[in-house]
Amino acid sequence: MKIVILGYGFIGNIHLNAYLQMKDVEVAGIYSTTQTGDIQGIPVYNDLEKCLEIGDVVDVCLPTFMHRDVFEKAVEKGKHVFLEKPMAHTDEDCRRMLELEKRCSSKVMVGQVLRYFPEYCKLKECIDPDKPASTLLSRRSQLPVGAKNWSLDRSNSGGVILDLSLHDIDFARWAFGPVTRVFAQTDPDHYYALITLRHENGSISRIEGSWRYDGGFAQEVEIAQENELFTFNSQEVSPLSVHQNISLKKDSTEVPPVLLRDDPWSLELRDFIDSIRNNEPAPVTLQDAYESTKLGLLALQSAEEKRPISLEKELYTR
């Protein structure tokens with residue numbers, strides 16, 4: 001199976017290294033507007049159309065505002081498509097991509113990679129999705145730097161909400177189910193955001209996203225559900241802890257750190273390749289990713305209009 005990678009920034013490099021560990025795929029080409037020649041012996045194409053022709057699978061690692069255009073080109077050529085999140089930066093683009101997918105036979109997956117982090121998988125395994133929970137999710141980093149700093153332009157990237165906090169929005173929806181209300185606040189530059197999600201099962205998820213943090217990339221989770229408290233802090237030596245029956249006794253049970261045999265990006269790409277080979281549904285479908293992306297877009301709308309937004313149930317039953 002031949003893979004072409006579109007875009008060779010930070011995430012494109014991660015995906016390349018993941019594919020190079022797979023013995024049953026070949027990276028046939030890399031599309032880049034900034035590099036020429038070859039990368040690790042793989043030819044670099046500066047012509048998008050030529051690059052698309054040579055692959056069975058197209059892995060899109062381009063800036064978010066380019067996703068719809070390259071997605072259209074790829075599925076029209078009958079290619080399977082892996083899209084880095086977010087699937088797109090506007091609701092119009094998302095809906096157009098969903099329409100195109102319905103008319104083609106291509107497999108499509110979106111890289112909601114947090115579902116492959118062992119700590120987050122363990123947290124989801126520990127909680128009861130039918131019981132209300134109070135959750136704090138935080139993700140902090142310094143300002144992203146890339147080609148032309150496109151991600152700092154909110155009109156192209158969706159700012160910190162769509163680029164960074166979408167990870168936690170997706171985890172909250174994946175873990176606690178559909179959302180009925182969204183409220184968000186941001187700073188003027190959209191480099192910092194606070195988001196509150198109310199779920200159908202009564203859970204409340206509070207999400208912090210920041211590009212103004214110089215203490216190293218940090219992920220934190222705190223989930224309180226009945227008499228249990230689950231915590232995760234990526235900057236701690238033993239990051240994942242479970243405290244049981246906290247209102248009844250002081251004892252706690254700690255889960256040891258999860259060691260990564262395979263990185264989450266390799267795991268998700270392996271799953272996608274397997275879904276193509278076995279003709280099975282992609283692990284994270286375009287529709288599934290849209291449900292989370294829609295929440296991110298509504299959070300942006302909430303921050304802009306300075307009001308909470310209620311969701312109609314039809315969003316999840318279409």
Side-chain angles (χ1 to χ4, degrees), residues 1-35 38-89 93-94 97 100-101 104-116 146-147 150-151 157 163 166-167 262-278 280-286 288-289 293:
M1 189 178 298
K2 293 185 177 181
I3 315 289
V4 293
I5 299 174
L6 307 186
Y8 192 69
F10 171 74
I11 197 66
N13 180 54
I14 289 177
H15 285 203
L16 173 60
N17 289 328
Y19 289 125
L20 292 177
Q21 302 304 312
M22 302 181 196
K23 297 180 180 179
D24 57 344
V25 303
E26 172 194 351
V27 180
I30 298 170
Y31 170 71
S32 174
T33 59
T34 60
Q35 302 199 40
D38 68 87
I39 297 170
Q40 298 191 50
I42 300 164
V44 173
Y45 291 79
N46 302 126
D47 186 311
L48 177 62
E49 296 292 339
K50 288 182 179 179
C51 191
L52 286 173
E53 291 293 341
I54 64 172
D56 305 304
V57 177
V58 175
D59 186 331
V60 181
C61 299
L62 293 165
T64 306
F65 65 91
M66 300 176 68
H67 283 191
R68 172 181 166 174
D69 182 52
V70 296
F71 179 81
E72 288 183 358
K73 288 180 168 63
V75 296
E76 285 172 359
K77 294 179 183 293
K79 310 298 182 180
H80 303 295
V81 181
F82 184 92
L83 275 167
E84 258 306 320
K85 73 99 197 87
M87 60 181 284
H89 71 308
D93 282 5
C94 289
M97 292 161 74
L100 288 169
E101 185 202 27
C104 74
S105 59
S106 301
K107 297 285 185 187
V108 181
M109 179 172 171
V110 180
Q112 296 292 169
V113 72
L114 214 60
R115 302 188 190 195
Y116 287 86
W150 65 270
S151 57
S157 70
D163 194 78
L166 185 61
H167 285 293
D262 294 299
D263 70 82
W265 294 273
S266 294
L267 293 172
E268 69 173 356
L269 293 172
R270 178 75 267 169
D271 263 9
F272 182 52
I273 297 300
D274 288 346
S275 74
I276 297 171
R277 289 196 186 281
N278 301 325
E280 296 173 345
V284 184
T285 65
L286 199 64
D288 190 5
T293 305

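Nothing here was measured: the structure is a model prediction, and the numbers come from that model.
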Does any non-hydrogen side-chain atom of [Y] lie less than 4.5 Å from one of [X]?
X	Y	result
Leu269	Met22	yes
Leu62	Tyr31	yes
Glu53	Val4	no

If you look at every heavy atom in [X] and [Y], which pair is closest and at what distance?
X	Y	answer
Ser266	Ala18	OG-CB, 3.4 Å
Tyr116	Pro283	OH-CB, 3.3 Å
Cys94	Thr293	SG-CG2, 3.9 Å
Lys77	Leu52	CD-CB, 3.9 Å
Cys61	Ile11	CB-CG2, 3.6 Å
Gln40	Asn17	NE2-OD1, 3.6 Å

* To do: Report the residue from Asp59, Val58, Leu83, Val81 that forms a side chain to side chain contact (heavy atoms under 4.5 Å, CB included) with Leu6.
  => Val58

* Asked: Taking it one step at a time, do His15 and Glu84 satisfy side-chain contact (heavy atoms from CB on, under 4.5 Å)?
  -> CA-CA 10 Å; His15 285 203; Glu84 258 306 320; 3.0 Å; yes

Looking at [Y], is its backbone amide N or carbonyl O close enough to the side chain of [X] to form a donor-acceptor pair, meaning the two atoms are under 3.5 Å apart?
X	Y	value
Asp56	Lys79	no
His67	Pro86	yes
Lys107	Arg277	no

What is the distance from atom [atom1] of [X] to atom [atom2] of [Y], rounded to the nearest 0.5 Å?
X	Y	atom1	atom2	result
Phe82	Asp271	CZ	CG	10.0 Å
Ile39	Leu16	CD1	CG	7.5 Å
Leu114	His167	CG	NE2	7.0 Å
Phe65	Asp93	CZ	CG	11.5 Å

* Given the rule in the side-chain contact (heavy atoms from CB on, under 4.5 Å) test, do Phe71 and Arg68 qualify, once you have shown the distances and angles that lead to the verdict? -> CA-CA 5 Å; Phe71 179 81; Arg68 172 181 166 174; 5.6 Å; no

* Does atom NZ of Lys2 have more than 12 heavy-atom neighbours, drawn from other residues, nucleotides or ligands, at distances under 6.0 Å? -> no

* Using 4.0 Å as the upper bound for N to carboxylate O, is an ion pair formed by Asp288 and Arg115? -> yes

* Asked: Ion pair present between Arg270 and Asp24, side-chain N to carboxylate O less than 4.0 angstrom?
  -> yes

* side-chain contact (heavy atoms from CB on, under 4.5 Å) assessment of Ile42 paired with Ile5 -> CA-CA 10 Å; Ile42 300 164; Ile5 299 174; over 6 Å; no

* Candidate pair Leu286 and Val110, rule side-chain contact (heavy atoms from CB on, under 4.5 Å), full reasoning -> CA-CA 6 Å; Leu286 199 64; Val110 180; 3.7 Å; yes

